[in-house]
There are 2 protein chains.
Amino acid sequence: MRCVADETNKRTLPTTGWAVLGLLSFGEELSGYDLKKRSDLCLRFFFSSPSFSQIYSELKRLEKAGYATSRRISHDTGTRDKRVYRITEEGSAAVREWARQAPVDPPVLKHGPMLRLWLGHLLDPAQMREVLLRQRDFAEDMRLRAAADAAQDGPAGAYPAVTLKWAERYYASERDLAAVMLDDLDDLDEFGRRDPGQSIRSPS
Amino acid sequence: MRCVADETNKRTLPTTGWAVLGLLSFGEELSGYDLKKRSDLCLRFFFSSPSFSQIYSELKRLEKAGYATSRRISHDTGTRDKRVYRITEEGSAAVREWARQAPVDPPVLKHGPMLRLWLGHLLDPAQMREVLLRQRDFAEDMRLRAAADAAQDGPAGAYPAVTLKWAERYYASERDLAAVMLDDLDDLDEFGRRDPGQSIRSPS
DNA sequence: ACTAACATGTAAAGCGTTACATGATTTA
DNA sequence: TAAATCATGTAACGCTTTACATGTTAGT
């Protein structure tokens with residue numbers, strides 16, 4: 001039931017569409033390339049950054065819906081043109097309406113590392129540790145990025161800053177969860193795995 | 001570059017395919033419907049449960065790849081048949097190989113609530129609080145489910161139990177993060193939002 | 001008998017990515 | 001001037017969901 005146009009040409013966008021419109025909602029005139037960069041910088045911490053091509057197609061859809069306008073920019077020096085987008089009043093109203101009124105859907109999580117640990121009966125301890133160590137390092141890396149972004153005080157406005165703070169805590173937690181699980185696995189090995197279902201350590 | 005068959009008919013599956021094969025890797029003979037139920041019960045905490053129809057199509061692909069076999073079961077009483085799947089030796093080897101050798105990709109997260117809070121300049125405080133409260137309640141609900149599943153000692157094997165423990169902690173963290181963010185927003189309101197970028201509370 | 005819920009799928013459409021093509025700018 | 005990188009897109013394909021179709025079982 002997505003993207004049904006009603007008589008006023010309003011549209012229900014995929015969440016990624018709202019994300020792109022949200023990036024435009026600060027008022028700047030941006031190209032698809034710019035938007036991808038912004039997305040990688042700002043959104044990635046809580047919303048897997050969409051590919052270039054999806055950003056381009058979302059922009060076309062936004063323009064068709066009347067939520068954005070575009071214009072070509074010709075470089076004086078070269079010949080290659082580019083197209084930049086700006087949010088419209090309609091677009092501002094629509095994204096505000098979405099942010100205010102849309103139902104609060106649960107976050108979507110596809111946690112490959114956990115899936116593999118769930119299949120621990122197929123692995124040996126060293127391999128499971130390897131997966132967890134990488135996951136822990138990834139989380140710590142993300143945490144540091146979020147912290148760095150927050151520190152340089154670049155985020156435009158108070159709310160992006162608050163979400164960066166959230167991201168810092170989120171990835172700290174992911175890191176710690178991986179560490180705790182490494183301990184749990186150590187305990188499993190210690191008890192020889194002879195007692196499945198009971199052998200996880202006593203309630204922390 | 002997914003699903004390219006090499007000369008031995010081996011395939012690179014989408015992660016969801018490995019998840020389905022993983023569900024079969026405990027040795028049971030299961031129907032698509034069974035697998036969906038299992039998925040909702042066990043995998044959901046860390047891997048958004050795929051739809052019925054995707055499970056059915058993954059099963060077809062698994063069979064084609066030689067990773068599973070199926071047979072029809074006719075009910076004596078009624079006429080409606082069903083098809084049940086069982087993992088093959090090839091399938092066991094393949095999923096084990098995947099779990100052991102695949103690169104550790106970062107988890108995929110699409111956190112709608114955080115996206116909306118990032119767009120806080122479009123909302124008023126009451127609406128932001130509403131989003132966070134729902135997110136907090138959702139997380140607590142998930143935490144309770146994971147805890148209940150872990151308590152009833154049903155999980156087949158030690159590793160599913162360990163991942164349930166992980167899930168319990170993960171959703172506890174999500175709940176707490178929402179709560180902390182509610183506090184952060186209170187502080188923002190207190191300071192009158194006159195000082196964007198600085199007005200988040202002192203480092204916790 | 002009627003309804004709701006359980007169960008088993010197929011078909012169509014939309015979401016999202018990877019691969020490809022192309023031109024401009026910098027750097028070695 | 002050659003290669004690498006930045007930049008701007010399009011085309012093809014695969015993943016995933018929603019909508020649809022259909023039969024079965026259990027409750028009322």
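Letters go in sequence order (proteins before strands), and every chain restarts at 1.
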Is atom CZ of Arg44(A) surrounded by more than 12 heavy atoms (other residues, nucleotides or ligands) closer than 6.0 Å? yes
Between [X] and [Y], what is the shortest heavy-atom contact and its length?
X: Ala19(B); Y: Leu115(A); answer: CB-CD2, 3.9 Å
X: Asp40(B); Y: Ser49(B); answer: OD1-OG, 2.6 Å
X: Phe45(B); Y: Ala167(B); answer: CB-CB, 3.6 Å

Find the distance [X]:[atom1] to [N]:[atom2] and express it as a whole number of Å.
X: Asp34(A); N: dG9(D); atom1: CG; atom2: P; answer: 11 Å
X: Leu30(B); N: dT8(C); atom1: CG; atom2: P; answer: 11 Å
X: Leu35(A); N: dC6(D); atom1: CG; atom2: P; answer: 18 Å
X: Phe47(A); N: dC15(C); atom1: CZ; atom2: C1'; answer: 11 Å
X: Leu59(A); N: dT10(D); atom1: CG; atom2: P; answer: 11 Å
X: Lys37(A); N: dT5(D); atom1: NZ; atom2: P; answer: 16 Å
X: Arg83(A); N: dG9(D); atom1: CZ; atom2: C1'; answer: 11 Å
X: Leu43(B); N: dT16(D); atom1: CG; atom2: P; answer: 13 Å

Please pick, from [options], the nucleotide with the shortest atom-to-atom distance to any side-chain atom of [X].
X: Gln54(A); options: dG16(C), dT8(C), dG9(C); answer: dG16(C)
X: Arg72(A); options: dT18(C), dG9(D), dA7(C); answer: dG9(D)
X: Arg61(B); options: dC15(D), dA7(C), dT16(D); answer: dC15(D)
X: Tyr33(B); options: dA7(C), dG9(C), dT17(C); answer: dA7(C)
X: Lys110(B); options: dG16(C), dG9(C), dG9(D); answer: dG16(C)

Pairwise N/O distances under 3.5 Å, protein to nucleotides 10-12 of chain C:
| residue | atom | partner | partner atom | Å |
| --- | --- | --- | --- | --- |
| dT10(C) | OP2 | Lys60(B) | NZ | 2.6 |

Hey, is the main chain of Glu63(B) close enough, under 3.5 Å, to the side chain of Tyr85(B) for a donor-acceptor pair? no
Donor-acceptor pair, side chain of Asp141(A) and main chain of Phe138(A), under 3.5 angstrom: no
Would one find a side-chain N or O of Ser57(A) under 4.0 angstrom from OP1 or OP2 of dC15(C)? no
Should Lys82(A) be listed as having a side-chain N or O under 4.0 Å from OP1 or OP2 of dT8(D)? yes
Strictly by modelled atom types, are Glu174(A) and Gln135(A) linked by a side-chain donor-acceptor pair under 3.5 Å? yes
